[in-house]
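Report on the structure given below.
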Amino acid sequence: MSATANADSPSDPVSRSLVRPIVRLTAAFIVGCAVIATFLDTASRTQINPFNFFGFFTMQSNIMTAAVLFVAAILQLRKRPNPRWLMPARAATTTYMAVVGVVYNLLLSGLAGGVELAWANWVLHVAFPIYAVLDWALITDRYRLPFRTIGLILIYPLTWCAVVLLRGATDGWVPYPFLDPGTGYASIALYVLAIAVAFATFGALIIWTSRLRIGQATETPNTSPNT
């Protein structure tokens, strides 16, 4: 077989090394299109408040996860080492997407409200959560994370809850009915506790997955080639 044929073979290491970042960039681009299309569609039907639109956990978590995968893809294409914050950030955003996918498809699918565009709704609530989890579980560029990373994972959802409760008590806007101050703070406290437990549980599963040999990098991260 000729050298040219070998270079063009799907088993060529260079070709394989390009697949992961290109897939990640494609996923991030599709999510960006879904968010923009949803924004424009909503704005075409009603006056839109950006703080409300981007206040939903689904929107924020999709954008954050797409941004993290975009950074990972660019570093891969440039053959640069991952900064130490990237893997915990991937673990956190993967956890958020897993919760979004499970909660939406078990509890919220088919209910009124939310993303009106069918294809964008599918991308944000079904396709991208599945992709994020598979990207974490199967792509071989992660390393073992300590279980104390759960504390970092919980910072964002608990902060989000605090901001939502503050807004609900001041301007009356809440993204989800179960966080409405009108239902009583005892009820809200139980929901916030359930949210914390859910994220801690999914976070523990994500961290546990990082400790499996499948998809695990052979080296710990470097902030520079000399570290």
Side-chain angles (χ1 to χ4, degrees), residues 13 16-31 57-58 60-106 123-161 193-227:
R16 292 201 307 269
S17 68
L18 292 176
V19 171
R20 293 181 301 183
I22 290 175
V23 170
R24 285 174 169 171
L25 288 175
T26 301
F29 175 76
I30 293 173
V31 170
F57 190 88
T58 293
Q60 294 182 14
S61 57
N62 270 271
I63 292 170
M64 286 192 299
T65 307
V68 168
L69 290 178
F70 177 84
V71 170
I74 295 300
L75 290 173
Q76 285 178 313
L77 289 174
R78 298 181 64 183
K79 301 187 183 303
R80 299 289 298 275
N82 291 336
R84 292 189 180 275
W85 60 264
L86 184 60
M87 202 58 57
R90 281 187 58 206
T93 53
T94 302
T95 300
Y96 306 152
M97 292 310 301
V99 172
V100 165
V102 170
V103 170
Y104 174 81
N105 289 284
L106 289 183
V123 167
L124 299 176
H125 288 114
V126 181
F128 196 49
I130 292 174
Y131 171 77
V133 171
L134 291 178
D135 180 277
W136 174 264
L138 301 180
I139 295 183
T140 58
D141 63 345
R142 54 178 170 74
Y143 59 87
R144 290 167 60 92
L145 288 171
F147 279 98
R148 64 175 179 271
T149 308
I150 293 174
L152 295 174
I153 292 173
L154 288 175
I155 291 175
Y156 163 65
L158 292 181
T159 302
W160 177 84
C161 284
L193 177 61
I195 289 171
V197 170
F199 279 101
T201 300
F202 278 93
L205 290 173
I206 293 298
I207 294 170
W208 174 75
T209 304
S210 79
R211 303 170 77 85
L212 299 177
R213 295 181 65 87
I214 299 174
Q216 189 181 97
T218 57
E219 298 180 357
T220 55
N222 292 323
T223 54
S224 70
N226 298 322
T227 57

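If you read the sequence from its start, that first residue is 1, and numbering goes on from there.
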So, do [X] and [Y] sit near enough that their side-chain heavy atoms are less than 4.5 Å apart?
X	Y	value
Leu134	Ile139	no
Leu69	Phe128	yes
Tyr143	Asn82	no
Val68	Leu86	yes

For residues 147-158, which residue pairs qualify under salt bridge (charged side-chain N to carboxylate O under 4.0 Å, His left out), counting only residues two or more places apart or in two chains?
-> none
Between [atom1] on residue [X] and [atom2] on residue [Y], distance to nearest 0.5 Å:
X	Y	atom1	atom2	answer
Trp136	Ile206	CH2	CD1	7.0 Å
Arg20	Ile22	CZ	CD1	12.0 Å
His125	Thr58	NE2	OG1	3.5 Å

Partner set under side-chain contact (heavy atoms from CB on, under 4.5 Å) for Arg78, not counting sequence neighbours | Ile74, Arg80
Residue list, side-chain contact (heavy atoms from CB on, under 4.5 Å) with Ala28, at least two apart or on another chain = Ala66, Phe70
Side-chain donor-acceptor pairs of residues 193-202 under 3.5 Å, sequence neighbours excluded:
from   : atom 1 : to     : atom 2 : distance (Å)
Thr201 : OG1    : Val197 : O      : 2.8

Please name the pair of heavy atoms, one in [X] and one in [Y], separated by the smallest distance, quoted to 0.1 Å.
X	Y	answer
Arg24	Ala73	CB-CB, 3.9 Å
Leu124	Val100	O-CG1, 4.1 Å
Pro146	Thr149	O-OG1, 2.7 Å
Gly203	Ile150	C-CG1, 4.4 Å

Does Phe29 CZ have over 12 foreign heavy atoms under 6.0 Å away?
-> no
Examine distances only and state if a side-chain atom of Arg142 and a backbone atom of Thr209 form a donor-acceptor pair shorter than 3.5 Å.
-> yes
Contacts of Ser61 that satisfy side-chain hydrogen bond (donor to acceptor under 3.5 Å, both in side chains) - sequence neighbours left out = none
Show me the side-chain donor-acceptor pairs of residues 90-98 shorter than 3.5 Å, one per line, residues at least two apart or across chains.
from  : atom 1 : to     : atom 2 : distance (Å)
Arg90 : NH1    : Asp141 : OD1    : 3.1
Arg90 : NH2    : Asp135 : OD1    : 2.9
Thr93 : OG1    : Ala89  : O      : 2.9
Thr93 : OG1    : Arg90  : O      : 3.2
Thr94 : OG1    : Arg90  : O      : 2.6
Thr95 : OG1    : Ala91  : O      : 2.8
Tyr96 : OH     : Ile153 : O      : 2.7

Starting from the C-alpha separation in whole Å, work towards a yes-or-no answer on side-chain contact (heavy atoms from CB on, under 4.5 Å) for Trp85 and Val71.
-> CA-CA 11 Å; Trp85 60 264; Val71 170; 4.0 Å; yes
